[in-house]
Amino acid sequence: MGDARRFRGPVDLHTHSSVSDGTETPAEVVRAAAAAGLGVVALTDHDSTAGWQDAAAAVANTWTAAGTGLMLIPGMELSTRIEFASVHMLGYLFDPTNEALVAETERIRSGRLRRAEEMVSRIAADYDLTWADVVAQTTKGATVGRPHIADALVARGLVATRSDAFAGILHWKAGYYQPHYAPDPLTGVRLIRAAGGVPVLAHPGTAGRGRVIPEDRLARLVDAGLFGLEIDHRENTDDGKARLHELASRFGLAITGSSDYHGLGKPNQLGENTTAPEVLDAIIAEASGSQPITG
Ligand code: AMP
Ligand code: FE
Ligand code: FE
Ligand code: ZN
């Protein structure tokens with residue numbers, strides 16, 4: 001910690017590439033992070049570490065505005081679920097070859113694939129959309145989600161933007177929604193810790209179904225090793241943030257802030273929310289599964 005710090009500049013700990021539902025390749029996300037003036041970027045694709053290598057290779061040639069190498073924090077956003085509410089768990093610096101975690105992410109990704117096919121067959125009953133349209137919008141091997149169906153709907157001219165698709169056809173109220181397999185958040189925290197990683201609850205104060213996590217559940221996540229709460233995120237409501245700050249101080253949890261950048265897939269801009277350098281120091285100090293990568 002302290003003088004051993006190997007990074008300078010803003011820290012953004014949540015981004016997506018075309019390995020999941022971002023629109024840029026992992027290397028492009030890394031280059032965009034440097035161009036945006038970040039000192040540190042975490043790549044956190046949904047349920048996949050397939051972008052780590054490309055991102056790491058891109059970091060080797062990437063310099064920040066501060067004149068230091070950009071630091072890449074390899075990570076993932078693990079899909080978990082409490083009944084019908086999806087709960088996203090960020091994991092940082094875990095071992096990407098950990099067998100239990102690899103098996104669970106494979107199970108989630110195949111469940112997501114079946115679920116996307118099921119949603120498309122329901123949509124196809126009412127709209128001119130095929131599974132091939134969705135495949136055409138998806139990078140081979142990527143974690144498939146509603147954003148890929150949204151892109152297919154846009155390509156077909158059935159909606160104007162991803163956001164319109166989410167507000168309409170892909171909204172759970174529209175009747176085409178289907179859940180997918182995901183483990184309990186407690187399992188998620190345990191898997192990430194067992195793989196030497198550091199778990200942070202992603203955007204826990206969003207509006208609608210994903211309200212602030214119940215306190216008794218949070219207590220159990222903390223006991224299992226939850227490190228922090230992603231409070232500074234555009235989708236957390238003001239009320240949600242206030243409650244999360246209370247919970248963070250009560251449970252001794254760290255606070256992170258991030259963009260949740262998806263390239264052109266969402267309005268979120270790199271560095272729009274950031275994490276304090278001391279918090280990143282603590283994440284790096286607690287992690288034992290993999291190392292930050294510096295250019
Ligand atoms: P899924 O996990 O397949 O149900 O899809 C949820 C994903 O869609 C999240 O990871 C978000 O990044 C993305 N998403 C949710 N709402 C929107 C929106 N309004 N516009 C673009 N992407 C969205
Ligand atoms: Fe996403
Ligand atoms: Fe998320
Ligand atoms: Zn995300």
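We count ligands from 1, going down the list as the structure has it; atoms in each ligand are counted the same way.
Counting heavy atoms from C-beta on, the side chains of Leu90 and His14 come closer than 4.5 Å. The closest side-chain heavy-atom distance from Leu70 to Thr294 is not below 4.5 Å. A heavy-atom distance below 4.5 Å is found between the side chains of Leu186 and Leu221. In this structure, the side chains of Glu77 and His16 come closer than 4.5 Å at one or more pairs of heavy atoms.
Between the side chains of His262 and Asn268, not a single donor N or O lies within less than 3.5 Å of an accepting N or O. At a cut-off of 3.5 Å, with distance as the only test, no side-chain donor of Glu118 or Tyr176 sits close to an acceptor on the other residue.
Atom 14 (N) of ligand 1 has as its closest protein heavy atom Phe166 CZ, 3.4 Å.
Note: no N/O pair closer than 3.5 Å links Arg162 and ligand 1 by distance alone. At least one N/O-N/O distance between His262 and ligand 1 falls below 3.5 Å. Between His88 and ligand 1, a contact under 3.5 Å exists for no N or O pair. In terms of N/O distances under 3.5 Å, ligand 1 is not approached by Tyr177.
More than 12 heavy atoms of other shown residues, nucleotides or ligands fall within 6.0 angstrom of atom CD in Glu117.
Between the Zn ion (ligand 4) and the N, O or S atoms of His16, the shortest distance is to NE2. Looking at Glu77 and the Zn ion (ligand 4) together, the shortest N, O or S contact belongs to OE1. The N, O or S atom of Asp260 lying closest to the Zn ion (ligand 4) is OD1. Of all the N, O or S atoms in Asp21, the one closest to the Fe ion (ligand 2) is OD2.
The side chain of Asp21, and not its backbone, has at least one atom closer than 4.0 Å to an atom of ligand 1 (non-hydrogen atoms only; side chain from C-beta on). Of the heavy atoms in His46, only side-chain atoms (C-beta onward) come closer than 4.0 Å to ligand 1.
Among the atoms of His46, none of the N, O or S atoms falls under 2.8 Å from the Zn ion (ligand 4).
Distances shorter than 4.0 angstrom occur between a heavy atom of Arg115 and an atom of ligand 1. At least one heavy atom of Arg112 sits closer than 4.0 Å to an atom of ligand 1.
Contact check on Glu215 versus Arg250 returns a salt bridge, with a Lys/Arg side-chain nitrogen under 4.0 Å from an Asp/Glu carboxylate oxygen. A salt bridge is defined here as a Lys NZ or Arg NE, NH1 or NH2 lying under 4.0 Å from an Asp or Glu carboxylate O, and Asp260 with Arg234 fails to meet this definition.
Which of Arg146, Lys266, Glu235 comes nearest to atom 4 (O) of ligand 1 through a heavy atom is settled by distance: it is Arg146.
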